[in-house]
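Worksheet for the structure shown next.
Numbers for residues simply follow the sequence, beginning at 1. Whatever order the structure lists them in is the order used to number ligands and atoms, beginning at 1. Since the structure is predicted, the reported quantities are computational estimates derived from the model, not experimental observations.
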Amino acid sequence: MRTGTHPSINSDTKLCAVIGNPVLHSLSPAMHNAAFQAVGLDCVYLAFTVSDLAGCVAGLRACDGFQGLSVTIPHKVAIMEHLDHIEEDALQVGCVNTVVKKEGKLVGAVTDGTGALRAIENSGVNLKDKCVLFAGTGGAARAVAFALSASGLPKKIIILGRTAKHVDRLSQDLSDYGNTEIQGGLLDEELVALSGQSDLLINATPVGMYGVGEDENSFPGVILRKEQAVFDMVYRPEKTVFVKEALLAGCTIVPGLDMLLYQAAIQFEMWTGCPAPESVMLAALKKALHS
Ligand code: NAP
């Protein structure tokens with residue numbers, strides 16, 4: 001990718017984009033365009049609402065200046081069959097949130113897990129021999145649980161969900177994958193008791209999000225202790241009911257916004273080969289979030 005101090009759109013300009021449906025409120029264009037500009041890369045990042053996924057990938061594949069994609073709901077699983085290669089960790093997780101064009105081939109990757117690990121580490125939370133509890137069994141929980149298992153740090157991962165077959169599937173996949181002790185259970189039966197013995201509590205459900213139930217606590221009835229850390233993947237609002245309670249209890253907070261930032265920073269590095277300007281990306285993210 002060509003670099004320069006004053007990028008402007010011209011016939012050399014490269015294209016990255018987020019595809020999903022909807023993408024109207026995506027914060028990714030603000031983050032990535034700020035990053036391209038800060039580093040002086042001649043690249044733009046756009047947001048495309050896509051319903052015809054096969055047509056979209058075929059079209060982008062044919063464009064010389066296309067560099068890579070962020071992929072969001074509902075295309076994270078379906079896109080896998082349109083790619084030339086999928087990285088091992090994305091195969092384990094079962095979805096792709098990043099596409100990189102490498103020597104003409106489209107490669108699928110997942111950056112949510114590594115991004116979350118960086119967010120946890122950055123908050124000063126040490127997971128060596130600790131117990132981590134997830135509420136939620138969807139794509140985000142899968143990505144982060146596999147990354148935690150691969151890190152070899154926690155001694156135990158607890159998976160709680162509202163749908164037994166989803167809990168069983170993720171628990172079994174994790175047990176088959178690594179050496180970390182895995183326990184599964186139903187949210188409404190086991191949350192309170194198992195939260196008490198956990199060091200890091202992760203909300204990987206949409207509970208607490210604007211428009212979904214921002215007045216709801218994703219860990220109802222749980223009495224938090226200051227020795228515990230809390231990670232709410234929901235970042236709209238930045239302080240969910242769960243995070244507010246955790247702050248009152250004196251817990252360490254892993255911000256959901258940091259996961260969004262770091263997974264994007266890893267994408268940027270994959271597309272460009274340049275270190276991501278994380279402080280610029282965070283400032284753009286916060287500005288877009290509050291505008
Ligand atoms: P997903 O694949 O749709 O999974 C959602 C999970 O939440 C499922 O396990 C679902 O249970 C559960 N759930 C939904 N509503 C619930 C409720 N009312 N009570 C209890 N459980 C409920 O979504 P995802 O991609 O994993 O994302 C999960 C959350 O993380 C979303 O809020 C998303 O915005 C956030 N996220 C944040 C980042 C970040 O960078 N901070 C990245 C990815 C995702 P069932 O299996 O029973 O349906």
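Heavy-atom neighbours of Glu87 CD from other residues, nucleotides or ligands within 6.0 Å: above the threshold of 12. The environment of Asp129 atom CG is dense: over 12 non-hydrogen atoms of other residues, nucleotides or ligands sit within 6.0 angstrom. Around the NZ atom of Lys239, the shell of radius 6.0 Å holds no more than 12 heavy atoms that belong to other residues, nucleotides or ligands.
Of the protein's non-hydrogen atoms, Gly138 CA, 4.0 Å is the one closest to atom 1 (P) of ligand 1. The single protein non-hydrogen atom nearest to atom 42 (C) of ligand 1 is Met259 CE, 3.5 Å, given as residue, atom name and distance. At the top of the distance list for atom 47 (O) of ligand 1, counting protein heavy atoms only, stands Thr163 OG1, 2.4 Å. Nearest non-hydrogen protein atom to atom 2 (O) of ligand 1 is Gly139 N, 3.0 Å. Looking only at protein heavy atoms, the nearest one to atom 27 (O) of ligand 1 is Ala140 CB, 3.8 Å. Shortest contact from atom 11 (O) of ligand 1 to any protein heavy atom: Arg162 NE, 3.3 Å.
Side-chain contact between Thr137 and Arg169 is absent, with no heavy atoms from C-beta onward closer than 4.5 Å. In this structure, Ile202 and Val254 have side chains that are not in contact, with every pair of non-hydrogen atoms separated by 4.5 Å or more. Here the side chains of Cys43 and Thr272 are not in contact, with every heavy-atom distance at 4.5 Å or above.
Shown in contact with Gly136 at under 4.0 Å from a heavy atom are these atoms of ligand 1, numbered in order with element: 9 (O). Each of the following atoms of ligand 1 lies closer than 4.0 Å to a heavy atom of Tyr235: 39 (C), 41 (N). Contact atoms of ligand 1 toward Val234: 32 (O) (distance under 4.0 Å to a heavy atom of the residue).
Counting heavy atoms under 4.0 Å from ligand 1, residue Leu187 touches it through the side chain alone. Contacts between Thr137 and ligand 1 below 4.0 angstrom, taking non-hydrogen atoms only, involve backbone and side chain alike.
Residue nearest to atom 14 (C) of ligand 1, selected from Ala143, Gly115, Pro206: Pro206 (by heavy-atom distance). Looking at Thr205, Asp232, Val77 and measuring to atom 29 (C) of ligand 1, the nearest heavy atom belongs to Thr205. Across the listed options Leu260, Val207, Val254, Val207 owns the non-hydrogen atom lying nearest to atom 19 (N) of ligand 1. When Met209, Met233, Arg169, Lys76 are checked for heavy-atom proximity to atom 36 (N) of ligand 1, Met233 turns out nearest.
In this structure, the separation between NZ on Lys14 and CZ on Phe66 is 12.5 Å, given to the nearest 0.5 Å. The distance from atom CD of Gln228 to atom CZ of Phe219, rounded to the nearest 0.5 Å, is 9.5 Å.
Geometrically, ligand 1 and His166 share a nitrogen or oxygen pair separated by less than 3.5 Å. The N/O atoms of Gly256, backbone and side chain alike, include one that comes under 3.5 Å of an N/O atom in ligand 1.
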Evaluate the criterion side chain to side chain donor-acceptor pair (under 3.5 Å) for residue pair Asp42 and Thr13; output intermediate values, then yes/no.
-> CA-CA 5 Å; Asp42 190 2; Thr13 304; 2.9 Å; yes
Determine, stepwise, if the pair Ser70 / Trp271 fulfils side-chain contact (heavy atoms from CB on, under 4.5 Å).
-> CA-CA 10 Å; Ser70 309; Trp271 295 327; 3.4 Å; yes
For the pair Leu148 and Phe134, evaluate side-chain contact (heavy atoms from CB on, under 4.5 Å) and give the outcome as yes or no after the intermediate values.
-> CA-CA 11 Å; Leu148 282 171; Phe134 284 85; 3.7 Å; yes
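Close to ligand 1: Ala204, with a non-hydrogen atom less than 4.0 angstrom away.
Distance check for atom 24 (P) of ligand 1: a protein heavy atom is found below 4.0 Å.
Look at Asp232 and Lys244 and you find no salt bridge, because none of the NZ, NE, NH1 or NH2 atoms lies under 4.0 Å from a carboxylate O.
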